[in-house]
Amino acid sequence: MSSRKVVELFYDVVSPYSWLGFEIICRYRNVWNIELKLRPAFLGGVMQGSGNKPPGLVPNKFLYMTKDLDLLAKYCGVPLQPPSDVFEAMFQKGTLSAMRFVTAVQQQEKGGDKQVEQVSRELWRRIWSEDKDITEPASLSEAAKRAGLTDGEIQEVLKLSTSQEIKDKLKNTTEAALKYGAFGFPLLVCHIDGTPQMFFGSDRFELMAHCIGEKWLGPNPDNSAARL
Amino acid sequence: MSSRKVVELFYDVVSPYSWLGFEIICRYRNVWNIELKLRPAFLGGVMQGSGNKPPGLVPNKFLYMTKDLDLLAKYCGVPLQPPSDVFEAMFQKGTLSAMRFVTAVQQQEKGGDKQVEQVSRELWRRIWSEDKDITEPASLSEAAKRAGLTDGEIQEVLKLSTSQEIKDKLKNTTEAALKYGAFGFPLLVCHIDGTPQMFFGSDRFELMAHCIGEK
C-alpha cells in the first residue's frame with residue numbers, strides 16, 4: 001500500500017468557508033489515502049502578513065457571500081447560519097482567544113487529533129450556527145465540554161491557552177501558512193512527492209483530488225454518514 | 001419538454017478565470033437544458049462600480065493564481081499561458097477596445113451567437129495563450145478573421161466598435177452586471193423560476209448544476 005499523502009489544513013473558526021472545507025476534508029479522511037494534519041491558525045495574522053483584506057469589506061462581495069454560503073451550507077450539509085452581527089463577531093470580537101484555545105487543546109492532546117477536531121467544530125457551531133460568543137472563558141469551556149473534554153482537561157487548557165508557549169505556537173503556525181504563500185483560509189497544502197501544493201478555499205477539492213490521484217465524490221462521500 | 005433555463009454569462013477577455021468559465025459553460029450548452037446568453041462586459045467598470053480591486057494586486061494572491069490557473073488549465077483543457085508582462089497586458093493596455101469590438105460583433109450578428117463566441121475565444125487566445133496584443137485594430141481584425149468573419153464584416157465591426165451606440169451598449173451590459181451585484185468576472189446568472197441566482201467564478205458549476213436541477 002502506497003504511503004499516505006500528507007494534507008495540512010490551515011484554518012480559523014472565524015471563517016465560514018473554513019468550516020465547509022474542514023467538514024469536507026474530515027469526511028474524506030477515511031475515503032482518500034491521506035494523512036490529515038489540522039493546523040489551527042490566526043486569519044487576522046495572515047491578512048496582515050499578506051497585505052490582504054477580508055472580502056466582506058466589499059459590499060457586493062458581502063451580499064454575494066451571504067447567499068453563496070447559504071446555498072453551500074445546504075448542499076454540503078453544514079448548519080451554517082450567520083451571526084446576527086457579522087461584523088461584530090468577526091472583526092470587533094475576533095477569534096484570537098478561540099484559536100489560542102484550540103492550539104492549547106492540540107498541545108495537550110496525546111495520540112491523534114479527535115479533541116482538536118471536536119473543539120474546532122463546537123466553536124464553529126457557536127459562532128457560525130448558534131450566534132453565540134466565543135471570546136469568554138465560559139464560552140470556550142462550554143464548547144470544550146460539548147466536545148467531550150473533562151472539567152479537569154478544560155481547566156488545564158484554559159490556563160495553557162494564555163501562556164507564552166501557546167501564543168508563540170499559534171504565531172508559528174500562522175507564519176507557516178504565510179510561508180506557504182497564504183492570503184486567506186481555508187488553505188490546504190498537499191505534499192505530493194515531497195512538493196507542497198497549495199489549494200485555497202473550499203472549492204478546489206475536485207482539482208485537489210485530481211492532483212493527488214484520488215476521486216472527488218462530492219461534499220458527502222459517505223451517504224450514510226451521520227448529519228451534524 | 002420543460003422550458004430551458006436562461007443562463008447569462010458576464011465576461012471580459014482580460015480575465016483568465018472567465019475563459020475557463022466560458023469554455024466550460026459552452027461545453028454544457030448541449031448537455032444541460034439551458035439557454036446560454038453571452039454578455040460581453042467591461043471588468044474595469046465592475047471593479048470601479050463595486051469598489052473592488054483586482055486580486056492580482058495582493059502579491060501572495062498573484063503567486064497563487066499563477067499556479068492555480070496552470071493546474072486548472074491542464075485539468076479543464078484550456079491552453080492558458082500568462083502573457084510575458086501580465087500587468088502591462090491587463091492593467092496598462094486593458095481591454096476596453098477589445099470588449100467594444102466583441103459588443104459590436106454581437107450587435108451586427110443575426111441569428112445566434114456563434115460569431116460572438118468565436119471572436120471572444122480568439123481574443124482570449126491572443127492575450128491568454130499567445131502573448132499577443134488585443135488593443136490595435138490590426139490585432140482585433142486578426143482575431144475576427146480567425147473566428148471566420150469576412151473582411152467586409154470585419155470592417156463593419158471595426159467601424160461600429162468606436163460608435164457611441166456600442167460604447168453605450170457595453171456600458172449598459174456592465175451596469176446590468178453591477179445591478180445583479182457583480183464584483184468580478186466570470187459571473188453566471190441562472191434564472192430559476194423567474195428568480196436570478198448568481199454564481200461567481202469558474203468554480204461554482206457543481207453547485208450551479210445542483211441549483212438548476214442538472215448533473
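Labels below follow one simple rule: chain letters A, B, ... track the order of the sequence lines, proteins then strands, and each chain is numbered from 1.
- When the shell of 6.0 Å around OH of Y28(B) is examined, it contains 12 or fewer heavy atoms from other residues, nucleotides or ligands.
- Note that CG of L71(B) and CZ of R204(A) are 9.5 Å apart. Values are rounded to the nearest 0.5 Å.
- Each of P219(A), G181(A), G49(A) has some count of heavy-atom pairs under 4.5 Å with chain B, and the biggest count is that of G181(A).
- The number of heavy-atom neighbours closer than 6.0 Å to CD of E130(B), taken from other residues, nucleotides and ligands shown, is above 12.
- The most heavy-atom pairs under 4.5 Å with chain B, out of V58(A), N60(A), N52(A), L63(A), come from N60(A).
- Counting heavy-atom pairs closer than 4.5 Å to chain B, the top-ranked of the candidates L178(A), D68(A), D203(A) is D203(A).
- Classified by interplanar angle (parallel below 30°, tilted 30° to 60°, perpendicular above 60°), the ring pair Y64(A)/F200(B) is perpendicular.
- Heavy atoms of other residues, nucleotides or ligands lying less than 6.0 angstrom from NZ of K171(B) number 12 at most.
- In terms of heavy-atom pairs under 4.5 angstrom with chain A, the leader among C211(B), P59(B), A182(B), P55(B) is A182(B).
- Of the atoms belonging to K67(A), it is side-chain heavy atoms, and not backbone ones, that fall under 4.5 Å from chain B.
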